[in-house]
Amino acid sequence: MKNQKLAKLALASVLALGMIPAADAAETASQTLNAVLAAHINVTAYGGIVDAVIDPMTGALDQAFTPAFRIQNNVPATIYIQATTTTEAGSVTAFFTDGTTQYVALSNTTAGQIPTAAAYTSCTGATPDPTTNPNIIAYPIASIVLVRASSSTTPTYDATKSQYYADVKNGNTVATTTTGQAARLETYSFDDTPGTYQAVVTMTTTSL
């Protein structure tokens, strides 16, 4: 009798458990976070010496020019260093080469004293003549150095386009151009009139 009661109780328990609703399966949702990083190249002027005084006796600069630029890039890039100056005919390239030496030509910017195209040709030619190149003076490029972290490289000069170029890796790179102080022979004389002599140096990712 006792066993029958226990059996009935066990059966009732099983039936009761069968009437309890089963728990729902766990619900899951997810979202993916997406942040897009675009290719970035930024070029800025980065100080250096850009003002000097010309010795009226010799044409020498009292200090070398050292214009500097910084490129910040997260993709590899090719940079170009270019320079322009002005003649009566308009803007012309200021970098030029003679043999193994590159130079930068500076033109008088004073109204009425801007050099002629012929003066530019004489100044940048193989045999400059001070009597035919008034108001434009050339100075040698001593060096152009690109510094990135602890390494440095020297850009290549392209004589056909009168510009320097170099490939730079991702990161921060500073490019500094340093001129000599002595004027190129036969590009300075007392035919050069007073005024501000100027060239504009540019670093860009666009070739000429």
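Only heavy atoms go into these numbers, but all of them, side chains included; no hydrogens, no water, no symmetry mates. Everything quoted here is computed from the prediction, not taken from an experiment.
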Any luck finding a side-chain donor-acceptor pair between N108 and T193 under 3.5 Å?
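The answer is yes; a qualifying pair exists.
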Please check if any side-chain donor atom of Q198 sits under 3.5 Å from a side-chain acceptor atom of T109, or the reverse.
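There is no such pair (donor and acceptor under 3.5 Å, judged by atom type) between the side chains of Q198 and T109.
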If you round to the nearest 0.5 Å, how far is [atom2] of [Y] from [atom1] of [X]?
X    : Y    : atom1 : atom2 : result
D191 : T131 : CG    : OG1   : 7.0 Å
Y188 : Y139 : OH    : OH    : 8.0 Å
Q113 : T196 : CD    : OG1   : 12.0 Å
I79  : T204 : CD1   : OG1   : 9.5 Å
N133 : C123 : CG    : SG    : 5.5 Å
E186 : T127 : CD    : OG1   : 9.5 Å

Do side-chain atoms of [X] reach the backbone of [Y] as a donor and acceptor pair under 3.5 angstrom?
X    : Y    : answer
N73  : A39  : no
Q82  : T206 : yes
T187 : A183 : no
T86  : G90  : no

Under 4.5 Å between side-chain heavy atoms, counting indirect links through other Ile/Leu/Val/Met/Phe/Trp/Tyr residues: same cluster for [X] and [Y] or not?
X    : Y    : result
F96  : I137 : no
F190 : L185 : no
V53  : V104 : no
I141 : I136 : no
I144 : L61  : yes

Is it true that, when you exclude D51 itself, more than 12 heavy atoms of the residues, nucleotides or ligands shown sit nearer than 6.0 Å to its CG?
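It does not: D51 CG has 12 such atoms or fewer within range.
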Could you work out, with side-chain contact (heavy atoms from CB on, under 4.5 Å) as the rule, every residue matching D158, not counting sequence neighbours?
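T160, K161, Q163, Y165.
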Carefully, step by step, assess L37 and N74 under the rule side chain to side chain contact (heavy atoms under 4.5 Å, CB included).
CA-CA 10 Å; L37 174 62; N74 63 6; 4.0 Å; yes
Could you go through Y120 and S107, starting from their C-alpha distance and side-chain angles, then the distance that decides it, and tell me whether this counts as side chain to side chain contact (heavy atoms under 4.5 Å, CB included)?
CA-CA 9 Å; Y120 170 81; S107 297; 5.8 Å; no
Compare every heavy atom of [Y] with every heavy atom of [X], then report the nearest pair and how far apart it is.
X    : Y    : value
A199 : L106 : N-CG, 4.0 Å
I81  : A175 : CD1-CB, 4.1 Å
V50  : P67  : CG1-CB, 4.1 Å

Just so I know, are the side chains of E88 and P115 near enough to count as touching, which here means a heavy-atom distance under 4.5 Å?
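Side chain of E88 against side chain of P115, heavy atoms only: no contact under 4.5 Å found.
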Side-chain heavy-atom pair T85, V92 within 4.5 angstrom cut-off:
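They are in side-chain contact.
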Among F69, Y80, F95, exactly one meets ring-ring contact (aromatic ring centres under 6.0 Å, His included) together with Y164. Which residue is that?
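Of all the options given, the one that passes is F95.
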Taking only residues two or more places apart in sequence, or in another chain, which ones meet N34 in a side chain to side chain donor-acceptor pair (under 3.5 Å)?
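N34: no side chain to side chain donor-acceptor pair (under 3.5 Å) contacts found.
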side-chain hydrogen bond (donor to acceptor under 3.5 Å, both in side chains) contacts in which one or both residues fall within residues 168-181, not counting sequence neighbours:
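side-chain hydrogen bond (donor to acceptor under 3.5 Å, both in side chains) check on residues 168-181 returns Q72-N172.
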Worked check of side chain to side chain donor-acceptor pair (under 3.5 Å) between T78 and D167:
CA-CA 4 Å; T78 300; D167 295 326; 2.6 Å; yes
Residue pair I41, I71: steps toward the side chain to side chain contact (heavy atoms under 4.5 Å, CB included) verdict
CA-CA 7 Å; I41 300 175; I71 178 170; 3.8 Å; yes
